[in-house]
Every structure is written in C-alpha cells, then in structure tokens.
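This report refers to the structure that appears directly beneath it.
Quick note on labels: first sequence line is chain A, next is B, and so on, each numbered from 1.
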Number of protein chains: 2
Amino acid sequence: MVPMESLFALPPKTGGRGDLVCYGCPARRSALCSALDDAEIHFLDAVATRVRVDPGQYLFMEEDPYDHVFNLSGGMLMLERLASDGRRQIMAFTYPGDFIGLGAGKSYSIAARALTPATACRWRMRDIERLYDSFPALERSVREIGNAVLAATMDQVFVLGRKNAMEKLAFFILHHMDRQERLFGKRATVALPMTRGDIADFLGATVETISRAFTRMRKENLIRLADAHEVEVVDCDRLAQVAEHFDT
Amino acid sequence: MVPMESLFALPPKTGGRGDLVCYGCPARRSALCSALDDAEIHFLDAVATRVRVDPGQYLFMEEDPYDHVFNLSGGMLMLERLASDGRRQIMAFTYPGDFIGLGAGKSYSIAARALTPATACRWRMRDIERLYDSFPALERSVREIGNAVLAATMDQVFVLGRKNAMEKLAFFILHHMDRQERLFGKRATVALPMTRGDIADFLGATVETISRAFTRMRKENLIRLADAHEVEVVDCDRLAQVAEHFDT
DNA sequence: CGAAGTATTGACTTTACTCAAAATAGGTGG
DNA sequence: CCACCTATTTTGAGTAAAGTCAATACTTCG
C-alpha cells in the first residue's frame, strides 16, 4: 500500500528547470497557472507569496478580510462554513492545483483549513486584478474556474437535496476516486484523509450515518477498507449505480 | 393587494429614450448590461435576440448544446435539474436582471423553465466572448456575477445540508422578500408564484413538509397567507431568528 | 503505556416521508 | 357567469430513514 502522505507530497523548494519555483511546481499545469506560458509566468511569480499550513490550521477564516486568493500547490484543504450554533457545512475538499478564493463581499464566506500539510501560492487580490489587465487569458481562466466550481457546487446541491445516505457516500467516494486518478493516476485505493465527521459535514449527515453507510458498503462488497482512510473500490460500476439510485 | 403579475411585468417593446430597446429595458442596470455605458451598449444590443417564454415552457433544457447565454428582462424562471428516476432539484429562481447561462461543459447542466410569462435577451456564446476582447469590463462583470451566484449556491448548500424544514422555509421566504424589495421596493406581501412542489424541490423536502411548515408559521403568527402565493411577513426579525435556528 | 481522539455499533427517538383523502383554487367551455 | 374538471394545497395517519445518546473498540501519538 502506498502511504497516503506521498500522494499529497509538498512541492520541492526550487524548480527543476531555470530559476523559477513555478517551473517545477506540481500546480504548473493547473487551471490558473497554465493561463500564462513559461515566458509570462514570472509576472505571476513576482507577486506571489508561498505559504504553508499544518493540518488543522487555517489558511484563512470566515471573518478574515477577503483580499487574497490562492492556488494550492501541495496537500489537501477543506472549505468549511460554521453557524453560530456549531453546525458546520463543508463546501469542498481541495486538491493540488485547485484555485481557492472565489467569492463575493468584503470577507471570506468560508474558512480554508488544512487536512494534510499543505502549501499554496498567495496573491493579493489587487495584484491579481492588475494582472488581469495585462493578461486577459488570466481573467478568462479565473472565470472558467468559477464556472467549474459552480458546476461542482450544483452537483453538491443535488446530492444534498435529493439523495439518501448510501447514494451520498457512493457519490463522495467516486468523486475522490476520479480526482485522485486524474492527479496521481489509477491506483488500488482512494485516500480519504478527512474524518468521518468531515465527510458527514460535507454530505449533510451525521458521523453515525456515514459510518453505518461505510459498514454497509463493506458488507455488500462494494468497497474494502484497509483502514478508515483507505478505500478500495471493489466494483466501480456497481458503486456508480448505487450513487445514481439506492433503495434500502 | 397588488396583483402579482404586475411585479413581473414584461418590458415595453421599445425604449423610452432613443431607439435602442436597451435604453428602456428594466434590466438596463443589471449586473451584465451595466458593464457597458449608453454609448457602448449597442454592441451588446447588436448581437442580442429577444426571446419570450410562456409559463411552463423552457428557455433551454438540460441536454441542449451549451452555446447561448441570457439576461432575464422580465418575468421569473426556475433553474432545475432532473434525475433519471424523476427526482428534481431546483437550483434557483431567477428575477429580472439575472444573468443566466453560467456553466461548464458542452451542454447545459440545468434547464431553465418559465414560472411566469418571461422575456430575455439571448446571445450566442461566441458573440459574447468576442465582446469580452473589446470590452474587458464585460468579462469582469460576468466573472463577478459568477462569484455572486457561487456565493448564493453555497448558501443553498448550507441550508440543504444543515437546516430543518422550518429553518429552510424561513430562509426561503426572507430570500425572496429581500430580492423583491430590491427590485420593486418594500411592499406588503412577498409574491411566491412557484408551487409548493417547486419550493420543496428547491429546499430538498416534500410538498407535504413544506405545506405543514407554512401552516405552522401561520399558526405561530410569523406569516399571513392572503392566498397560497402571497405571503405577508408579520414579524421579520422573528422569522430571521427562525431561519437561523428553530427547534420544534 | 496511557490518553485523547476517532470510528463503530446498539438501542431508541424524532423528523420528515409516504400514502390517502379532503378542501381549495384555477381554468375552460357551455 | 356558472358548472365542471383538474391541479394544487392542506390535513391526517402510519412508516421509515436518519438523528440522538451511549457504550465500546480502535488508532495515533506523546
């Protein structure tokens, strides 16, 4: 079994080619950075700050003034919203290459918290907006990222509004399998570094319901669990069917 | 009681000033169109088609090729997603001035269906994208609209994932009160032209649960119902408290 | 090794769903 | 304008899925 840590490895401090960190960055081909070519990327690099967050720590919190955007280069974050009475909703789990900081208003409406050790590039909104003027492709990329994030959020709305516990969890596992295949290639297991509570707060359920759904999937031989955070999908097609429709 | 129809009145066929429909359009100050001034707006007008949809009819459907965007000028639409087994999730109810057509991929991921008689401006995506090159402010507007829509969709995620029936409905009524106040000014009642079933499919519940929540709010004197589609909010602050937290 | 956090399981409760029926509203044609 | 038909809304009664509370097992990490 490949240790999960290795999947979310942090990027090297220096690039492989030339002198720019960007050249060797695992997020170089991400939706944001790929908008600029190797000749242009140093404009983005010049106004970037590299930040690092340890598990459990926040990249930003809900009330922080909304004046920076980020591109995750290594590790995994979760974007969460907390209500005054303690109820929590997780909006997304983010992977290397993901752009973070889409929003409106004067403060963030979500907090970004590290699930694994993570590194990100940070830009002041003002600097990014100035770059939009020089590189329209950059603004186009951000707009398209926004469209993709919106589409994913609408998927989540459907799942939360209209799916039961088994369907929700099947959707969740398949989503992460897909993301991890794209990033790391096909592998034996799906890594789920978040807790059962985190999954519950993403899917609009309770820890117990999620735990029972895992157990049920295991018993019905849809998945195998090496440990709580390593899921082997036994029958992908059948799991996809479950995600589509499951009745008792 | 002001008839609901009048709120969603369709725009006049010709503008009030000059020869451009845009000049007299109720959506002239909308997030999209206000990106261009009176001198520039004719570039947008030149490639626009005006379309009209009757209640129950579709502006576009889920499978249609995704190659047009719209700006609603009059009436109300709902954006809905349908699953193969008949389950439906409504993503939004749109008001005059709303931009419609944010998304990703080759076909729409939602359908847009008229709730009242509605009119909209339609543009081919290709034409709009060409205008982005000449008017960066237009692309900026669309990007910002996307951010606002994403924020609203995240609110919906929280509501669906973490709120009970009474909280959901309180949130829903207050949302539409707010939108209608902004558009039409403060008025005695909130117009809800959609059916109970539509509300249920927006809030991730059933018709019966929504109907019972309305009845309960009426009995607790939070609202009064002239008829099923005209809600008078008796105590706005208390309704806001209910939206925040309600227990039995 | 012990402590703390996390995960699972069990027993019971509750909220919302389902099915069914009655009441109400809306629209059409006579 | 009224009667009838249909769709919508409301209400009731019973059920089921998920929530709550509590105990136990398992991990991780100092």
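The separation between B:Phe214 atom CZ and D:dT11 atom C1' is 16 Å, rounded to whole Å. The nearest whole Å value for the distance from the CZ atom in B:Arg196 to the C1' atom in D:dA7 is 14 Å. In this structure, CE of B:Met194 is placed 14 Å from P of D:dT8, rounded to the nearest angstrom. Atom CG of A:Leu203 is separated from atom P of D:dG19 by 11 Å (rounded to the nearest Å). Look at CG on B:Leu225: it is 18 Å from P on D:dT8, rounded to the nearest Å. For A:Phe246 and D:dA18, the CZ to C1' distance is 14 Å, given to the nearest whole Å. Between A:Ile210 atom CD1 and D:dA17 atom P the separation is 16 Å, expressed in whole Å. Straight-line distance from the CE atom of B:Met217 to the P atom of D:dT11: 15 Å, rounded to whole Å.
A 4.5 Å side-chain heavy-atom check between B:Pro55 and B:Pro117 finds at least one atom pair inside the cut-off.
Contact between the side-chain N/O atoms of A:Thr195 and the OP1/OP2 oxygens of C:dT6 is not found at any separation under 4.0 Å. Distances shown here put every side-chain N or O of B:Thr248 at or beyond 4.0 Å from the OP1 or OP2 atom of C:dT15. Taking only side-chain nitrogens and oxygens, B:Thr206 comes nearer than 4.0 Å to OP1 or OP2 of C:dC17. At C:dT8, one or more side-chain N or O atoms of A:Ser211 fall inside 4.0 Å of OP1 or OP2 (strictly under the cut-off).
Of the possible donor and acceptor atoms, none in the side chain of B:Tyr108 sits under 3.5 Å from a partner among the backbone N and O of B:Gly103. Without hydrogens or angle criteria, B:Arg196 side chain to B:Thr209 main chain gives no donor-acceptor distance under 3.5 Å.
For A:Glu181 and A:Arg187, the salt-bridge test fails: no basic side-chain N is under 4.0 Å from an acidic carboxylate O. Classification of B:Arg179 and B:Asp98 as a salt-bridged pair holds, one side-chain N sitting under 4.0 Å from a carboxylate O. Under the 4.0 Å criterion applied to side-chain N and carboxylate O atoms, B:Asp198 and B:Arg88 are assigned as salt-bridge partners. A salt bridge links A:Arg87 with B:Glu167: the distance from a Lys NZ or Arg NE/NH1/NH2 to an Asp or Glu carboxylate oxygen falls below 4.0 Å. Under the 4.0 Å criterion applied to side-chain N and carboxylate O atoms, B:Glu220 and B:Arg216 are assigned as salt-bridge partners.
Counting heavy atoms of neighbouring residues, nucleotides and ligands inside a 6.0 Å radius, atom CZ of B:Arg182 does not exceed 12 of them.
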Its contact letters, B for base, S for sugar-phosphate only and - for none at protein heavy atoms under 4.0 Å, make nucleotides 21-30 of chain D read B---------
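Ring-centre distance between A:His175 and A:Phe93: not below the 6.0 Å cut-off. The aromatic ring centroids of A:Phe202 and A:Phe172 lie less than 6.0 Å from each other.
Interatomic distance, A:Thr153 OG1 to B:Asp155 CG, rounded to the nearest 0.5 Å: 11.5 Å.
Contacts between residues 76-94 of chain B and DNA chain D, defined by a heavy-atom separation under 4.0 Å, are absent. A heavy-atom distance below 4.0 Å to DNA chain D is reached by these residues of residues 156-168 of chain A, ordered by number: A:Asn164, A:Ala165.
Between A:Thr215 and B:Thr209, the one whose closest nucleotide on DNA chain C sits nearer the 5' end is A:Thr215.
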